[in-house]
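A short write-up of the structure that comes next.
In this text, all values refer to a predicted model and were calculated from it rather than measured experimentally. These numbers come from the heavy atoms of this one structure, side chains and all, not from hydrogens, waters or symmetry mates.
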Amino acid sequence: MKQYKAVIYGASAKGIGIAAQLPDQVLVVEKTSLAAREFAGALVMGEGSWEAKTEPGKKLTERYRQKGILMEGRPIQIAAAAPVMFETIREAKIQVLFGTDIKVNRTDGKHIVTCCNDSGVFQVCAEHVYHWEQEASSQPEYGKYINAMLYCENPQQAAAWENGCGGIRVLEYAHPDMKILCYPLHREDGWITAREKLHSFWKNRPAQLASWKMVTVASSFAWLKETGEDGKKLQPLYGNLLGAFESGVELGRKWREEECC
């Protein structure tokens, strides 16, 4: 059975940051085909600074700027964020399995991870198992949302939406004719219930949103915390994609130092 320092469940921004520091000792397992799913798949732009503190973070930020995905004074075009993360995975030679699900059992202080994908079923052993969604959902201040992207041909003529109404937020996107709708859920809501709630709201949406069209629905749940003086802003764990990635870089470096001692 192959041994790893860690198995990362979910090719999240933090998970990729961890694995980039220990590419030979970390296995990333993602059940979908998307990288940075907690941002790109959940349609979460995040809040806060994009001033990188680490060299890997600076490189990632520069790539986003070069491709026009991140521009001064605008929210990140989060729907286009995944390809840059794939570049990071390839360049760092990260071991990653997409389209793979896992089951974890703890035995004698180790994690026995059973992986299942189209190639079959196999097991690996790991000291650590990190799952981004468990980290976010375990913190009571973070709520569960299903997000959707909206489009309007004439946004200047559209009525303004008062954020906070019914817990629903409509956030600015990188393009003025697009916005992100954040619809709050109960923690126990699954995908069927979540989509039913979202589409029921949209079918009977308020007049302020009548001129907007829903063009896509997120493929992952968002875990967001209310911020700001009026609580009308929403922030993911670590603030934004860069914050999550650099948090992973720091944790990966810590684990690497442990291996050297």
Side-chain angles (χ1 to χ4, degrees), residues 8-15 29-48 75 78-79 81-82 101-104 129-151 160-173 178-210 212-241 243-244 247:
I8 310 295
Y9 186 43
S12 62
K14 181 175 178 179
V29 180
E30 170 58 54
K31 65 181 179 181
T32 73
S33 59
L34 193 61
R37 180 163 56 92
E38 79 278 37
F39 291 97
L43 298 177
V44 170
M45 296 175 291
E47 298 278 345
I78 201 61
D101 213 342
I102 68 169
K103 182 178 180 181
V104 181
V129 173
Y130 171 73
H131 185 191
W132 70 268
E133 193 163 11
Q134 284 185 354
E135 182 182 17
S137 62
S138 66
Q139 303 189 42
E141 67 268 31
Y142 286 84
K144 190 176 188 179
Y145 291 79
I146 182 170
N147 293 353
M149 188 170 289
L150 309 181
Y151 169 76
W161 172 262
E162 180 61 31
N163 269 338
C165 181
I168 298 163
R169 271 61 167 194
V170 177
L171 308 179
E172 298 296 326
Y173 191 58
M178 304 186 84
K179 294 184 185 294
I180 301 293
L181 170 71
C182 305
Y183 188 87
L185 302 167
H186 296 301
R187 283 175 168 258
E188 64 273 15
D189 288 345
W191 271 107
I192 293 175
T193 301
R195 291 177 73 93
E196 284 178 346
K197 286 183 175 181
L198 175 64
H199 288 294
S200 177
F201 164 78
W202 193 250
K203 182 179 179 180
N204 302 288
R205 63 188 181 277
Q208 299 100 306
L209 298 175
W212 290 86
K213 298 177 181 179
M214 184 186 294
V215 294
T216 189
V217 176
S219 59
S220 296
F221 290 123
W223 291 91
L224 304 168
K225 179 176 68 174
E226 294 182 353
T227 61
E229 295 181 1
D230 52 9
K232 293 181 180 180
K233 291 185 177 181
L234 294 174
Q235 180 174 298
L237 206 60
Y238 305 111
N240 56 31
L241 189 152
S247 172

### Message
Listing request: all salt bridge (Lys or Arg N to Asp or Glu O under 4.0 Å) pairs with a residue in residues 30-46, at least two apart in sequence or in separate chains.
### Response
Glu30-Arg37
### Message
So, taking the atom named CD1 in Ile180 and the one named CD1 in Ile78, what distance separates them when rounded to the nearest 0.5 Å?
### Response
9.0 Å
### Query
Rounded to the nearest 0.5 Å, how far apart are CE of Met178 and CG of Leu150?
8.5 Å
### Task
Please list, chain by chain and in numerical order, all residues satisfying salt bridge (charged side-chain N to carboxylate O under 4.0 Å, His left out) with Glu196, sequence neighbours excluded.
none
#### Entry: Results of salt bridge (charged side-chain N to carboxylate O under 4.0 Å, His left out) for Lys179 - residues two or more places apart only
Glu172
#### Entry: Residues that Phe201 engages under ring pair (Phe, Tyr, Trp, His ring centres under 6.0 Å), provided they are two or more places apart
Tyr183
### Query
side chain to side chain donor-acceptor pair (under 3.5 Å) with Trp223: which residues, sequence neighbours excluded?
Glu133
### Task
Verify, without hydrogens or angle tests, whether Ser247 (side chain) and Gly243 (backbone) share a donor-acceptor contact under 3.5 angstrom.
no
### Query
Looking at side-chain heavy atoms only, is the closest gap between Leu181 and Trp202 below 4.5 Å?
yes
### Where Ala13 and Ala244 come nearest, the two heavy atoms and their spacing
CB-CB, 3.9 Å
### Query
Looking only at heavy atoms, which two atoms of Tyr142 and Pro236 are closest? And how far apart?
CE2-C, 3.7 Å
### Message
Using modelled atom types and a 3.5 Å cut-off, is there a donor and acceptor pairing between side-chain atoms of Lys144 and backbone atoms of Arg187?
### Response
yes
#### Entry: Nearest non-hydrogen partners of Ala81 and Leu241, listed with the distance
CB-CD1, 4.1 Å
### Task
Not counting sequence neighbours, which residues clear side-chain contact (heavy atoms from CB on, under 4.5 Å) with Arg195? List them please.
Ile146, Trp191, His199, Val217
#### Entry: Listed partners of Glu135 passing salt bridge (charged side-chain N to carboxylate O under 4.0 Å, His left out), at least two apart
Lys14
## Note on the structure
Shortest non-hydrogen pair, Ala40 vs Leu34, comes out as C-CD2, 4.1 Å
#### Entry: Partner residues of Lys197 under the salt bridge (charged side-chain N to carboxylate O under 4.0 Å, His left out) criterion, sequence neighbours left out
Asp189
### Query
Under a 4.0 Å N-O cut-off, is there an ion pair linking Arg169 with Glu226?
yes
## Note on the structure
Residues passing the ring pair (Phe, Tyr, Trp, His ring centres under 6.0 Å) test with Phe39, sequence neighbours excluded, are none
### Interatomic distance, Leu198 atom CG to Cys182 atom SG [nearest 0.5 angstrom]
10.5 Å
### OH on Tyr9 to NZ on Lys103, rounded to 0.5 Å
13.0 Å
## Note on the structure
For Ala222, the side-chain contact (heavy atoms from CB on, under 4.5 Å) test, sequence neighbours excluded, returns Ala42, Val44, Tyr145, Asn147, Leu224
### Task
Measure the spacing between CG of Leu237 and CD of Glu141 and express it to the nearest 0.5 Å.
8.5 Å
### Message
Within this structure, what is the CG-CE distance for the pair Leu234 and Met45, rounded to the nearest 0.5 Å?
### Response
9.5 Å
### Message
Looking at every heavy atom in both Ser138 and Pro140, which two are closest together, and how far apart are they?
### Response
O-CD, 3.6 Å
